[in-house]
Number of protein chains: 2
Amino acid sequence: MEPEQLKGHLDGLILAVLAPAPLHGYAVIEALKLRSGGELALPEGTVYPALHRLERDGLLESDWTADSGRRRRVYGLTARGRSELGLRRERWRSFAATIDAVLA
Amino acid sequence: MEPEQLKGHLDGLILAVLAPAPLHGYAVIEALKLRSGGELALPEGTVYPALHRLERDGLLESDWTADSGRRRRVYGLTARGRSELGLRRERWRSFAATIDAVLA
DNA sequence: GGCTATACCTAGCCATACTAGGTGTCAAGG
DNA sequence: CCTTGACACCTAGTATGGCTAGGTATAGCC
């Protein structure tokens with residue numbers, strides 16, 4: 001996977017894996033790996049800043065939990081995040097159709 | 001079309017529109033617009049540097065023509081460019097499948 | 001003469017995925 | 001016990017590349 005390809009698409013992917021249920025950051029990385037069949041093995045330095053960005057923009061909200069001394073930051077979609085996910089899916093479909101048309 | 005989305009995909013698109021026949025730079029812009037149904041209206045500042053990059057990397061080669069005082073730089077695929085196009089199509093299919101899997 | 005479309009170019013901006021480093025907890029093995 | 005690995009978080013700095021905004025010049029029409 002070429003890094004540049006992913007630009008502009010990561011945020012939608014993160015929103016998508018958080019749609020069923022809230023997850024903590026590290027679990028988001030694993031969920032992306034799992035749901036992509038191992039294709040998306042993203043480094044922490046990619047995902048953590050993205051989560052912070054999405055929270056800053058009001059699409060995610062987070063809570064700290066401390067189960068037995070281990071601190072985790074659990075992220076969930078806000079209302080705006082959920083509607084933004086719809087927009088992102090739409091935008092992806094349109095984008096993919098455009099690229100398909102030119103490349104085919 | 002969000003600019004960031006296109007990153008890492010433009011080169012393949014340019015190779016694709018040049019596959020049937022060589023074109024000059026400005027015509028590449030119009031071909032992209034046409035083949036995308038108007039979706040890809042890319043500014044010259046995006047396409048010209050990309051063409052130079054592709055030529056520098058040996059995927060395109062260019063010739064200057066001067067029909068009636070108007071200078072045009074006509075780009076065509078090299079052998080490496082043609083095989084690279086195959087790779088790019090393959091890589092796009094794989095990428096799109098991955099995003100679809102996560103986003104769906 | 002001025003306007004539009006054609007046709008080329010480049011310096012600098014900016015968003016963002018990634019690298020490379022850091023901190024700390026916990027469980028398993030030698 | 002103590003090292004190793006997985007877990008879990010963080011951030012400063014880098015590199016990439018599409019885009020903005022500016023420039024040059026020709027052709028054709030009103």
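Below, chain A is the first sequence line, B the second, and so on; all start at residue 1.
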Separation of D:dT16 atom C1' from A:Gln5 atom CD, nearest Å, is 13 Å
* Taking NZ, NE, NH1 and NH2 as the nitrogens, is one of them in B:Glu4 or B:Lys7 under 4.0 Å from a carboxylate oxygen of the other? -> yes
Note: for A:Glu44 and A:Arg70 on DNA chain C, the residue whose nearest nucleotide lies more 5' is A:Glu44
Value for CG (B:Leu15) from OG1 (B:Thr78), rounded to nearest 0.5 Å, stands at 8.5 Å
B:Tyr26 OH to D:dA27 C1', in whole Å, measures 13 Å
Between CG of A:Leu23 and P of D:dC7 the distance, given in whole Å, is 15 Å
- Item | Within-4.5 Å side-chain heavy-atom neighbours: B:Leu32 and B:Val28 | yes
| request: State, with a plain yes or no, whether a side-chain heavy atom of B:Val74 is found less than 4.5 Å away from one of B:His24. | output: yes
Separation of D:dA25 atom C1' from B:Arg73 atom CZ, nearest Å, is 17 Å
Thinking salt bridges, do B:Arg53 and B:Asp11 make one under a 4.0 Å N-O criterion? yes
Atom CD of B:Glu55 and atom C1' of C:dC9 are separated, to the nearest Å, by 14 Å
- Tell me whether the OP1 or OP2 atom of D:dC10 has a side-chain N or O from A:Tyr48 closer than 4.0 Å. no
A:Leu51 CG to D:dC10 P, in whole Å, measures 8 Å
Protein heavy-atom contacts under 4.0 Å, written 5' to 3' over nucleotides 11-18 of chain C as B (base), S (sugar-phosphate only) or - (none), form the string ----BBSB
Margin query: Does any part of the side chain of A:Trp92, heavy atoms only, come nearer than 4.5 Å to the side chain of B:Asp100, both counted from C-beta?
Written below: yes
Report task. Compare side-chain N and O positions of A:His52 against OP1 and OP2 of D:dT11 and report whether any pair is under 4.0 Å apart. Result -> yes
| request: For D:dT24, take OP1 and OP2 only and decide whether either is under 4.0 Å from a side-chain N or O of B:Arg71. | output: no
